[in-house]
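Note that the numbering runs from 1 along the sequence shown for the chain.
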Amino acid sequence: AAPSVRARRGILLFFQLQSLVNKDDMSLICAISGNVPDAPVVSPVSGAVFERRLIELHLSSSDKDPINGQPLSVDQLVELKVPKFIRPRPPNATSVPALLKLLQDEMDATVLETFHQRQHVDKVRQELAHALYQHDAACRVIARLTKERDQARQALATLQPGAAAATNASEATDGAAAMDVEAGQGLPSDIAARIKKRAEELSKGRRKRAKPAELATPEAIQAFTQKNSIPGLHAANAINALSLHPSNDALLITGGSDKRAVVFNRSEEKEVAVLKGHTKKVTGVRLHGSSEVALTSSQDGTLKVWDIAKAEASHTIQVATHGKGVCGLSLHPTGDLVLSAGDDGCWALSDLQTGKVVVSVPSESSQAYTCVQTHPDGLIMAAGTHDGMVRVFDIKEKKEVHVFKGYTGAISAVAFSENGYYFATAGGDSTVKLWDLRSVNNNVHNITLESGSIHDLDFDHSGAYLAVAGSVLSVYGTKQWDLVKTFGDSAGHVAAAKFGSLARSVVTAWSDRTVRVFA
């Protein structure tokens, strides 16, 4: 009788197993690992022998025989019953030299792997450094673009103050709003008319004015000695600014690094008012000639208009573009306008009556201003910069009309003579340059100090003398620009100097916080 199907399969499987048996050691070989299996099983689909754990691991991810790709499940595997045996040690590990050879091979493989790992680490480190460099460059580009964006917004707000005030109305503070002046145009017509009228009046009166007979002579100035000393007006910080009352030189005001301004009466030898309110050092001070009003500027970016009798600020002028600080101020000859210059490279004209900014004008160079002064006629103003330039502007047209050059350091002081003819500038190279404004770039004389910086310049009201405040106080005659007198003191340098009436006295502020009067 013909054998059944099960019998035929069993016979076929027997002969396949016989062919898989190693003729030397009669052992089975796993078709996956090539080693003798500990738990051999056979696939009825392909007839191949496998290690049970390996074939089960394979079938957990695939349901096909790894040999012929036919469908196969764990239940179909046939377990083989073989005797247990101990695997002999490989022939190449039966002696000490062979073991040393194995250890040497393992050591070589470990060293080679370590070398490859180091190469990989170096490559990753280089890629990381490149990525960090790109990130840093991107951050710097973003910061630069952000700064340019902020500057553009600030410039737009400066050029269109009316629109900026409307956009930022919720953030506006008292005195910060500016009048609506279109970019590229001059001042409002009423203010421009006032400036022009006042300039004509002053110019006409100046032509008729003769040098006063009571003016101090060079010999009288040479006989000056210290007549008065006023210590302790400020705390343990320097005096930065000094100004005298235009019609009463006994009344003076000082501004210091202690954030205060002090009004002092020399005749009565007492403080009239202590003006507190700035949050940073005071950089400029002025006393109004026709009312009991004082003006101050500060590094906190504000100008304050003070009622001296009450020692209170009646107006705080916040110029939006002076956020980095105000370097100084100058009272306009009209008496109701004040000019200011900021560390942001902008100058502004403000109204004392309303406490509002009339116009703010940015500089094309974006260089920070260091000092500012208005011409006696009130038509032009000059401002020194950190890059050694003195820029002159037409106030009505808001245009730069001239630039004085020739300094290697920042400009420290500028001053116009009362007759309007001479203009003095001082820079970080300890040199005073004298210019004749009746012709372009007419540098008539230079004064070079032996040592120290120059902190202040001042012409007397007649224009006959020039005071230079540096490590010492020097007074020069403007006729021949000869040295008249030098006043020295071991207390330090002269921070500011102002002539009294008819040049019969010189009031000075020294770095030891003492005001000294020479007469």
Partners passing salt bridge (charged side-chain N to carboxylate O under 4.0 Å, His left out) against [X] (at least two apart in sequence or in another chain):
X: Asp458; answer: none
X: Asp249; answer: Arg266
X: Arg125; answer: Asp122
X: Glu148; answer: Arg144

Enclosure of Glu400 CD (heavy-atom neighbours >12, cutoff 6.0 Å):
yes

Return the set of residues passing side-chain contact (heavy atoms from CB on, under 4.5 Å) with Glu312 (not counting sequence neighbours), or none when no residue passes.
Lys310

Write out all pairs satisfying ring pair (Phe, Tyr, Trp, His ring centres under 6.0 Å) with one or both partners inside [range], taking only residues at least two apart or from two chains.
range: residues 446-473; answer: His455-His493
range: residues 354-380; answer: His375-Phe416
range: residues 237-266; answer: none

Who passes side-chain hydrogen bond (donor to acceptor under 3.5 Å, both in side chains) against [X], sequence neighbours left out?
X: Arg260; result: Asp258
X: His445; result: none
X: Ser243; result: none

Quick note, salt bridge (Lys or Arg N to Asp or Glu O under 4.0 Å) partners involving residues 402-420, not counting sequence neighbours, are Arg206-Glu418, Arg209-Glu418

